[in-house]
Amino acid sequence: MKIISNRISIICGHYGTGKTNLAVNLARDHARQGEKVTIVDMDIVNPYFRTSDYRKILEDEGIEVIAPVFGATNLDLPSLPAAMYLAFEKEGTVIFDLGGDDVGSTVMGRFREKLEGKDYEMLYVINKYRDLDCDPTETAQILKEIEAVTKLKATGIINNTNLMYETTEEHIEKGMEYARETAQILGLPVVATVIRRDIASNLKVDAGSDIGEIIPVDIIAGPSF
Amino acid sequence: MSEKVLMKGNEALAEAAIQAGCRLFFGYPITPQTELSAYMSKKMPKIGGLFLQAESELAAINMVLGASAAGKRAMTSSSSPGISLKSEGISYIAGSDVPAVIINVQRGGPGLGSIQPSQADYWQATKATGHGDFQLIVLAPSTVQEMADFVGQAFDLGDKYRMPVMILSDGMLGQMMEPVSFPDKGEPVIPDRPWAACGHGGKRPHNIVNSLYIEAKDLEKTVVERFKKYDIIKKEEQRAESYLTEDADIVIVAYGASSRVARSAVNSARALGIKAGLVRPITLWPFPTDAIEATVSTAKKYLTVEMSMGQMVDDVKLVVNGRKPVSFFGRTGGVIPTPGEILEEIKKLNGEER
């Protein structure tokens with residue numbers, strides 16, 4: 001995998017597009033390639049299904065997890081640990097998993113100066129099947145709102161179009177079209193297309209070079225029953 | 001049906017209400033139902049509906065009573081502590097014989113409790129959501145698709161019987177995401193409400209929507225009439241899903257989120273050769289006595305699984321009535337039982353038999 005290797009990556013997007021599942025998969029894959037990986041859970045908005053809920057899976061792979069002091073404590077108001085500042089100084093691969101939408105991404109805004117002069121990428125995760133009547137214009141608008149609060153510009157799009165366990169090749173194909181349209185409106189490249197591992201391994205669709213590298217993932221986030 | 005999309009349970013509840021013709025939503029914020037209110041606040045203004053964040057839960061439920069009394073489809077949503085606050089208004093709605101849909105996305109209790117999923121409001125929902133002799137129809141979804149499907153059914157049941165209907169969900173179902181689709185029907189059919197206090201225009205006697213009866217005999221007559229309606233509902237509206245119960249030695253009874261975990265455990269038990277099955281109540285009131293009764297002659301033991309210290313287990317025991325042993329397994333405070341824990345309970349019950 002070329003993206004995110006040995007640099008700071010910020011993963012943002014509309015809430016529920018699969019940011020956390022992607023971040024956990026990416027962290028695991030890069031750690032297995034021998035990279036030193038740090039994952040930072042910046043979601044202080046939603047108390048359910050956050051990166052830090054998968055702390056054990058991640059730590060077993062040797063990944064360092066930095067998360068708000070929140071779940072597993074008796075705090076009602078989440079706070080940002082000092083370790084979050086250190087994340088910007090870490091060597092290797094550092095993945096920031098933001099909360100959803102502008103509301104969830106706001107926390108990144110306060111760290112903007114830590115990124116000055118650093119090589120980083122901000123990747124916007126999209127999923128055609130996340131909402132009823134989801135269209136590329138609205139999808140593009142959500143990124144503008146995220147950029148306004150983070151005071152950072154996205155550098156690329158990650159197409160994570162899926163319907164979880166019900167994803168078919170047809171969904172993947174329609175998702176690619178949707179990603180291309182969104183990318184055109186935003187003037188950004190699609191740097192990767194994420195596909196559930198079992199579908200990715202027999203993909204017949206001719207992906208084309210404009211939908212980025214194919215990243216196979218497993219479904220990790222969410223309840224297991 | 002529409003093309004499937006991924007939605008959180010809370011969002012599916014909101015979208016389904018809009019598709020059922022609800023244009024009036026009155027709420028007050030609380031975790032873990034937040035996405036429902038947020039969805040309403042974004043979408044209602046776009047379609048000529050009303051989203052109103054009231055000054056309190058009490059205000060919100062009384063706005064629902066007012067809107068329903070005027071003949072409109074209205075809804076409110078909250079989570080456990082907020083439902084306690086709304087319970088006075090719910091009793092007034094029941095006492096006024098008007099329909100309304102109330103969503104409870106349960107969290108741990110008592111008191112402020114936790115913000116994690118729970119099923120500890122079963123007694124409140126089925127026995128005592130407010131003071132007085134009355135019942136709510138209570139529907140318990142277990143998937144995001146059911147969250148979507150049950151909202152329209154709740155509005156229709158409320159209209160049919162002129163009474164409040166509760167959807168008893170929990171934080172896990174509200175927050176989890178699953179593929180969901182909505183029926184491609186046109187405008188929803190909302191029945192006439194000749195009883196509504198919406199202006200008589202000098203063409204009919206005025207309608208009164210009220211729950212106050214100064215004369216005890218008048219109130220008694222009204223309540224007795226209402227209970228005749230409840231008897232019809234108990235006969236006509238029970239719903240449950242039976243899964244692998246026909247030859248089951250051990251029948252698990254579980255609803256909502258815990259039924260998902262129980263189903264996994266039943267499958268694992270079957271893989272080990274243990275004959276386990278699941279009765280999943282869909283209506284918690286009326287309680288699906290028929291579905292449980294159907295298993296009493298073949299089941300050897302019952303295991304009720306809940307995310308509480310054991311509430312529905314009382315209703316299971318009332319049906320089984322001592323004919324077979326009924327045991328209970330639960331986690332509470334916001335903890336979700338694991339399939340492994342339930343499987344252990346099943347194995348224990350199976351072992352005792354030998």
Side-chain angles (χ1 to χ4, degrees), chain A residues 13-21 43-50 53 70-78 99-104 125-135 138-139 141-142 145 160-168 170-171 174-175 178 196 219 221-225, chain B residues 2-12 14-16 18-19 31-32 34-35 38-39 42-43 46 105 107 112 114-117 142-145 148 170-182 254 257-268 334 336-340 342:
Chain A
H14 179 37
Y15 82 97
T17 45
K19 292 180 295 301
T20 294
N21 195 62
D43 190 350
I44 57 167
V45 176
N46 192 331
Y48 284 83
F49 307 127
R50 293 164 305 125
D53 292 334
F70 191 75
T73 73
N74 232 351
L75 286 181
D76 196 24
L77 286 174
D101 288 349
D102 49 342
V103 179
V125 178
I126 63 171
N127 178 359
K128 175 179 164 60
Y129 295 100
R130 171 57 184 97
D131 274 310
L132 287 174
D133 318 315
C134 195
D135 74 76
E138 267 185 47
T139 305
Q141 180 55 34
I142 293 170
E145 292 162 11
N160 187 36
T161 292
N162 76 90
L163 206 55
M164 294 173 81
Y165 297 100
E166 296 185 22
T167 314
T168 63
E170 196 190 335
H171 294 125
K174 285 186 178 170
Y178 158 80
R196 213 179 64 210
I219 299 180
S224 57
F225 36 77
Chain B
S2 71
E3 192 172 30
K4 280 194 177 179
V5 291
L6 287 176
M7 276 185 144
K8 286 194 169 198
N10 285 335
E11 296 169 334
E15 176 61 32
I18 289 168
Q19 295 203 12
T31 305
T34 311
E35 294 79 6
Y39 195 96
K42 276 191 181 150
K43 194 140 182 194
K46 289 185 189 164
V105 184
R107 58 189 250 180
L112 272 177
S114 74
I115 55 174
Q116 298 300 324
S142 71
T143 61
V144 174
Q145 185 65 56
D170 63 71
M172 192 188 91
L173 294 171
Q175 294 290 333
M176 64 185 275
M177 210 175 271
E178 279 182 335
V180 59
S181 64
F182 294 87
S258 56
S259 73
R260 298 174 67 104
V261 191
R263 192 186 303 263
S264 291
V266 164
N267 290 337
S268 307
I336 304 170
T338 65
I342 300 173

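Take B/Thr143 and apply the side chain to side chain contact (heavy atoms under 4.5 Å, CB included) test, not counting sequence neighbours, and it matches B/Gln145, B/Glu146, B/Glu178, B/Arg260.
Only the side chain of B/Ile336 comes within contact range of chain A, judged by heavy atoms closer than 4.5 Å. Both the backbone and the side chain of A/Asn162 come within less than 4.5 Å of a heavy atom of chain B.
Interface check for chain A: of the options B/Ser181, B/Pro117, B/Ser114, B/Ser264, the most heavy-atom pairs under 4.5 Å are formed by B/Pro117. Listed options B/Ser2, B/Pro32, B/Ala257 were ranked by heavy-atom pairs under 4.5 angstrom with chain A; first place goes to B/Pro32.
Residues A/Thr168 and A/His171 bring a donor and an acceptor atom of their side chains to less than 3.5 Å of each other.
Shortest non-hydrogen contact noted between B/Ala148 and B/Ala16 is O-CB, 3.1 Å.
Put simply, the side chain of A/Asp131 never gets that close to the backbone of A/Cys134: no donor and acceptor are under 3.5 Å apart.
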